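The structure presented is a predicted model; accordingly, all values stated were derived computationally and were not measured.
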Amino acid sequence: RIAPYKPKPRAGTMVSSMQNLETGIWHGYHNVSECFYHIQLTVKYRKALLNEAVQPVIMDSWKDIKERYAINISQVGFDEDHVHLMTQFLPKYSGGQVIKLLKSISAKRVFHTLPEIKKELWGGEFWTDGYYIATISARGNKDIIMNYIKNQGRSNSLDQLRLFTL
C-alpha cells in the first residue's frame with residue numbers, strides 16, 4: 001500500500017514542494033529523481049467503455065493524486081478500450097504499486113458515479129489485471145511518447161500504433 005507522501009518544504013520554483021518546474025527533477029527526502037513512465041491500462045474484456053461520460057470521471061479521480069501520493073500524471077490519452085498515461089513518481093514505489101492505486105481509485109469512482117457501467121462488466125471489475133509500463137528517458141524519446149499519448153483515439157491512430165511494432 002502506498003502511503004500519502006509528505007514532502008519537505010523547499011525554496012524556489014517547486015510544485016507541491018518537490019518538483020522543479022524547469023527541469024522536471026523531483027527532490028525527495030533522500031533522493032533526486034527524474035523517472036518518467038508510460039503506462040497503459042485496459043478495460044476488462046476490452047470493452048469500449050471509455051466514452052465521453054466515463055473519461056471525465058476517471059480524470060477527476062486522478063486529479064489530487066499528485067499531492068496525496070507524489071504521482072504526477074502529465075499526459076492522458078483515451079481510446080475506446082484503453083488509456084495511456086505519462087507519469088512520474090518516486091523510485092521508492094514500484095510500477096505495480098502505482099498502477100494498482102490508479103486502477104482502484106478510478107474504478108471506485110467510475111462505479112460510484114456511473115453504476116450502469118457495472119452491468120457491462122461481468123464480475124464487477126473495471127480494469128484488466130494486466131498493464132503495460134515502460135520507463136521513458138527525459139533526455140530522449142519523452143516527447144515522442146507524449147505525442148503518441150496525446151493522439152490516442154484520433155483518426156491517425158494506425159500510424160501512431162506503428163511506433164510500437166515488434
Side-chain angles (χ1 to χ4, degrees), residues 2 5 13 15-16 18-26 32-110 113-114 117 120-121 125-166:
I2 297 178
Y5 181 74
T13 57
V15 173
S16 299
M18 63 180 293
Q19 183 182 17
N20 185 305
L21 291 173
E22 295 158 4
T23 63
I25 297 175
W26 285 24
V32 176
S33 64
E34 189 177 23
C35 302
F36 297 92
Y37 302 89
H38 172 200
I39 295 172
Q40 187 257 322
L41 307 175
T42 305
V43 175
K44 194 79 168 181
Y45 313 114
R46 280 215 172 261
K47 289 272 205 162
L49 297 177
L50 298 178
N51 56 40
E52 292 179 7
V54 175
Q55 290 176 17
V57 174
I58 291 173
M59 292 297 292
D60 187 54
S61 72
W62 291 337
K63 189 172 55 175
D64 299 326
I65 205 163
K66 182 174 184 179
E67 288 76 25
R68 188 162 183 199
Y69 297 102
I71 300 168
N72 183 36
I73 301 172
S74 54
Q75 189 75 48
V76 178
F78 287 93
D79 212 331
E80 294 177 342
D81 62 357
H82 65 279
V83 61
H84 290 264
L85 300 96
M86 170 79 74
T87 62
Q88 184 178 14
F89 50 88
L90 295 174
K92 72 179 186 174
Y93 302 132
S94 73
Q97 287 175 309
V98 171
I99 288 167
K100 181 179 178 182
L101 182 73
L102 292 170
K103 285 180 175 183
S104 70
I105 287 174
S106 58
K108 284 178 188 174
R109 181 74 61 88
V110 167
T113 309
L114 304 165
I117 293 289
E120 295 285 330
L121 302 164
E125 292 181 17
F126 188 76
W127 301 107
T128 62
D129 293 335
Y131 56 86
Y132 170 83
I133 185 169
T135 57
I136 301 167
S137 169
R139 314 242 184 260
N141 64 354
K142 179 181 166 201
D143 292 333
I144 292 168
I145 300 297
M146 199 76 121
N147 284 329
Y148 171 75
I149 292 171
K150 192 185 303 182
N151 290 316
Q152 278 298 298
R154 305 295 194 302
S155 61
N156 64 347
S157 62
L158 291 177
D159 293 333
Q160 291 294 320
L161 291 175
R162 290 190 192 120
L163 289 171
F164 294 99
T165 57
L166 296 175

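When all heavy atoms are compared, the tightest approach of F78 to V76 is CE1-CG1, 3.5 Å. In plain terms, the two heavy atoms of E125 and L121 that are nearest each other are O-CD1, 3.2 Å. Of all the heavy atoms in R109 and V57, the pair that sits closest is CG-CG1, 3.5 Å.
Put simply, the side chain of D60 never gets that close to the backbone of P56: no donor and acceptor are under 3.5 Å apart. Here the side chain of K103 pairs no donor or acceptor atom with the backbone of F126 at under 3.5 angstrom. Of the possible polar contacts, one joining the Q55 side chain to the L50 backbone as a donor-acceptor pair under 3.5 Å is found. With W62 contributing its side chain and L102 its backbone, the two residues share a donor-acceptor pair below 3.5 Å.
Under the side-chain hydrogen bond (donor to acceptor under 3.5 Å, both in side chains) criterion, E80 pairs with no residue, sequence neighbours left out. For Q75, the side-chain hydrogen bond (donor to acceptor under 3.5 Å, both in side chains) test picks out no residue, with sequence neighbours left out. Taking W127 as the reference, S106 meet the side-chain hydrogen bond (donor to acceptor under 3.5 Å, both in side chains) condition, with sequence neighbours excluded.
Summarising the geometry, atom CD belonging to Q40 is positioned 9.5 Å from atom CG belonging to L85; distances are rounded to the nearest 0.5 Å. Taken to the nearest 0.5 Å, the NE2 atom of H82 stands 10.0 Å off from the CG atom of L41. Note: K44 NZ to I117 CD1 = 16.0 Å, rounded to the nearest 0.5 Å. Remark: I39 CD1 to M86 CE distance equals 10.5 Å, nearest 0.5 Å. One distance of note links CD1 of I136 with OH of Y37; it measures 10.0 Å at 0.5 Å rounding. Here D64 contributes atom CG and I105 contributes atom CD1; the two are 9.5 Å apart, rounded to the nearest 0.5 Å.
You'll find the ring centres of Y132 and H38 inside the 6.0 Å limit.
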Problem set entry | Chi angles and distances behind the side-chain contact (heavy atoms from CB on, under 4.5 Å) call for L101, I71 | CA-CA 10 Å; L101 182 73; I71 300 168; 3.6 Å; yes
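In this structure, the side chains of T135 and C35 stay at 4.5 Å or more apart for every pair of heavy atoms.
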